[in-house]
Peer 1: 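This is the structure I have questions about; it appears just below.
Since we're looking at a predicted model, the values are computed, not measured. Reminder, nothing fancy here: chain letters follow the sequence lines and each chain counts from 1.
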There are 2 protein chains.
Amino acid sequence: MQIDPNHLIILAAVVDEGGLTQGAAALGRSQPSLSRSLSALEARLGLPLFEKGRRPLIATELGAALAAQGRMIRAAAAEASMQAGLYAGGKTGAVRVAGTPVFMDAVIASMIAGFQQANPNVRIDQSYGYADTLIRDLQSGALDVALCPLPPDAVPEGLAFDEILQGRNVIACRIGHPLARKKTLRLSDIAPYPWIAPPTASPLYQDLKAILAEIEVDDFRVSFSGGSISAVRTVLEGSDSLTILPYSVLFMMRHHKSLTALDIRIRHAPRHLGILSAKSSSDRPVVRRFQRHLAHEFKSLARTITHQQQASVWGV
Amino acid sequence: MQIDPNHLIILAAVVDEGGLTQGAAALGRSQPSLSRSLSALEARLGLPLFEKGRRPLIATELGAALAAQGRMIRAAAAEASMQAGLYAGGKTGAVRVAGTPVFMDAVIASMIAGFQQANPNVRIDQSYGYADTLIRDLQSGALDVALCPLPPDAVPEGLAFDEILQGRNVIACRIGHPLARKKTLRLSDIAPYPWIAPPTASPLYQDLKAILAEIEVDDFRVSFSGGSISAVRTVLEGSDSLTILPYSVLFMMRHHKSLTALDIRIRHAPRHLGILSAKSSSDRPVVRRFQRHLAHEFKSLARTITHQQQASVWGV
DNA sequence: GCTCAATATAACTCAAGGTTATGCAAATTG
DNA sequence: CAATTTGCATAACCTTGAGTTATATTGAGC
């Protein structure tokens, strides 16, 4: 026996509202429409859903039992509507985001926290990776959003790149480091100190090699490598090691008052930190919202950095 | 946003079966039909339910979420179908049955037990009453089936009466009773013994009065009254009291070997025990089935009684 | 690049379900 | 008890959704 779910919804409405007229009003339809639908259901079942000859239309046992199912169906349909609404508003769904490890941990993690605070039903699937794998995953549809540095003219086919910060790197050390006090530093000054090396796959590693080549150090001493930002920070704080970090990463750690940057400008290929995403992935409202959130957060971060730098120029 | 439950069912089928073609097969419809229905749903939502450009038709997050609701709807509709089927087959529902207390307890209760054994999902609402209230409740629709004695020509308007047993009463006493051994009893022999009186509203009470009038006893001694069959039996077994009982009630208690009937025929108005029911209530399959069950049980009981009587005639 | 399999589209038909108008019967009321 | 009100059923009509078959289109795999 095949039963139309819509008929059960109508039945539930009529039973719950206490009559055809009220049920019709509740459903926004005409009374004859419901009357006929329920007649059709009764005919199909071959059994009465309502006591016949009773005016305030009282349900039979069967009618009451089927109305219960109708309520479930109505609830499920309403739930579906709500889900669709949430989804369309970017309030639910999953976002797959990845980026370079240090940057994700130091900068993006807190932005994700803010997003999840406002959108508790959104799932964030985070992972780590460098430009090449990020691009590949974006293009294959395995990733929604990636955060990484990229040269301005190297935006891959089918992807959008939204620049958010300058990709400037600095040499970081503990605040009490011998070099930290020096006003004028030459590159050769830093030669004696051991290095904390980024993973070799990291763009930072290339930058580090470039610096050391510039000061003509070939066999630099690596005191520590392979650690996350948390490990790197701990080691930096407890030693005179140096490392190379994106300025934004160092900036985010400014409140800890434990690390600082050497007053020396590093030259490297021009590039920007940016949000990389597949153009097609923006048709998912959550992803879109998440990207906008990141962009907004970065704009605000960039402002803060600018203020801070002006403040340090004008004193403090 | 209004969503058609049927669309969600289709969505669930396609997601679960892994494709439009398989989904169509599972639902017994054509593939283009589903294709268009889902397109309509997508259009209504303004959101894609399936990744576009993927051939084995893979659901998006939203599609998967809505499919879950579709599964619920499908389950509810299937449950409704099953309920309707059970109801039509008389396997579920409620039956309101009533009758005279002694008869219900001694005869009907075990028949109800048998019915419930075979139909665990049927609810039996039992109550007690005498002819007048039973008839009124049947006519008002407050009762489905009643069991009581009725004169053959007194079947009320709108009710059906199905005769099941002769409404013969007997005088009952304990097996060791002084009168139980006597072969030839006169009515006057029973005058000295005290009586257990049925409730005054009971037809048995009228019969008792008639008997006593026949033996010209006006102020008969009542040793006990107002008890259920269980109490009556206990008192009977422990004393030389007499009482009046339908023969069928006594017969049902034959295995206890504690009570017997005096060998004396009681005259009373002709009547039959029968199943009384509103003609309109038989449109409820459970009620119909329950009535048939009772009728069948009674037919078998009548056969047993006949055999037993023949056996007692031919010896034993 | 070709082939195969699966989905989308087209064109058409039919039935379900929407509407308004109206009839009819049960409840209510004086 | 008659009259009125109220609520459900029916009629007639129309729109829309959904079913069909035939066919175009497009990923996927070799």
Peer 1: Applying side chain to side chain contact (heavy atoms under 4.5 Å, CB included) to A:K91 and A:V122, what does each step give before you reach the verdict?
Peer 2: CA-CA 6 Å; A:K91 296 289 193 177; A:V122 173; 5.6 Å; no
Peer 1: Is any N or O donor-acceptor pair between the side chain of A:R36 and the base of C:dG18 shorter than 3.5 Å?
Peer 2: yes
Peer 1: Side chain of B:R29 only, heavy atoms from C-beta on: which candidate in D:dA18, C:dG18, D:dG19 is closest?
Peer 2: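 Selected nucleotide: D:dG19.
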Peer 1: Please pick, from C:dA27, C:dG17, C:dA8, the nucleotide with the shortest atom-to-atom distance to any side-chain atom of A:P56.
Peer 2: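 Closest nucleotide to the A:P56 side chain: C:dA27.
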Peer 1: What's the closest nucleotide to the A:P32 side chain, out of C:dA8, D:dT20, D:dT10?
Peer 2: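 Of the options given, the side chain of A:P32 lies nearest D:dT10.
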Peer 1: Can you measure A:E51 atom CD to D:dA9 atom P for me and round it to whole angstrom units?
Peer 2: 13 Å
Peer 1: Between atom CZ in B:R54 and atom P in D:dT25, what is the gap in whole Å?
Peer 2: 23 Å
Peer 1: When you measure only distances, ignoring hydrogens and angles, does the side chain of B:Q31 come within 3.5 Å of the base of C:dA8 through a donor and an acceptor?
Peer 2: yes
Peer 1: Using side-chain heavy atoms (C-beta onward) and a distance below 4.5 Å, is A:T60 in contact with A:E51?
Peer 2: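 Yes, at least one pair of side-chain atoms sits under 4.5 Å.
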Peer 1: Check the distance between D:dA18's P and A:D4's CG and give it to me in whole angstrom.
Peer 2: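 About 10 Å, once rounded to whole Å.
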Peer 1: When you measure from the side chain of A:S202 to the backbone of A:L204, do you find a donor-acceptor pair of N or O atoms at a distance under 3.5 Å?
Peer 2: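 Yes, A:S202 side chain to A:L204 backbone: donor-acceptor pair under 3.5 Å.
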Peer 1: Can you check the A:L34 CG to C:dT20 P distance for me, whole Å?
Peer 2: 13 Å
Peer 1: Please report the distance, rounded to the nearest Å, between CG in A:L27 and P in C:dT19.
Peer 2: 11 Å
Peer 1: Between C:dG17 atom C1' and A:R44 atom CZ, what is the distance in whole Å?
Peer 2: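 Going from A:R44 (CZ) to C:dG17 (C1'), I get 13 Å.
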Peer 1: What's the closest nucleotide to the B:H7 side chain, out of D:dA18, C:dT19, D:dT10?
Peer 2: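 Nearest listed nucleotide: D:dA18.
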Peer 1: Kindly say if A:S33 contacts the phosphate of C:dG17, meaning a side-chain N or O under 4.0 Å from OP1 or OP2.
Peer 2: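 It does not, given that no N or O in the side chain of A:S33 lies less than 4.0 Å from OP1 or OP2 of C:dG17.
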Peer 1: Take the angle between the ring planes of B:F290 and B:F115 and call it parallel below 30°, perpendicular above 60°, tilted in between.
Peer 2: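 Plane angle over 60°, so perpendicular.
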Peer 1: Mind calculating the distance between CD1 (A:I58) and P (D:dC8) to the nearest angstrom?
Peer 2: 13 Å
Peer 1: How many Å lie between CD on A:Q22 and C1' on D:dT6, as a whole number?
Peer 2: 11 Å
Peer 1: Heavy atoms from C-beta onward define the side chain here; which of C:dT19, D:dG19, C:dA8 lies closest to that of B:S37?
Peer 2: D:dG19
Peer 1: From C:dA8, C:dG17, C:dT19, pick the nucleotide closest to the side chain of A:S30?
Peer 2: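 So the nucleotide nearest the side chain must be C:dT19.
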Peer 1: Could you list the residues that satisfy ring-ring contact (aromatic ring centres under 6.0 Å, His included) with A:F50, not counting sequence neighbours?
Peer 2: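 None.
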Peer 1: Name the closest nucleotide to the B:T21 side chain, picking from C:dG17, C:dT7, D:dG19.
Peer 2: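 Closest nucleotide to the B:T21 side chain: C:dT7.
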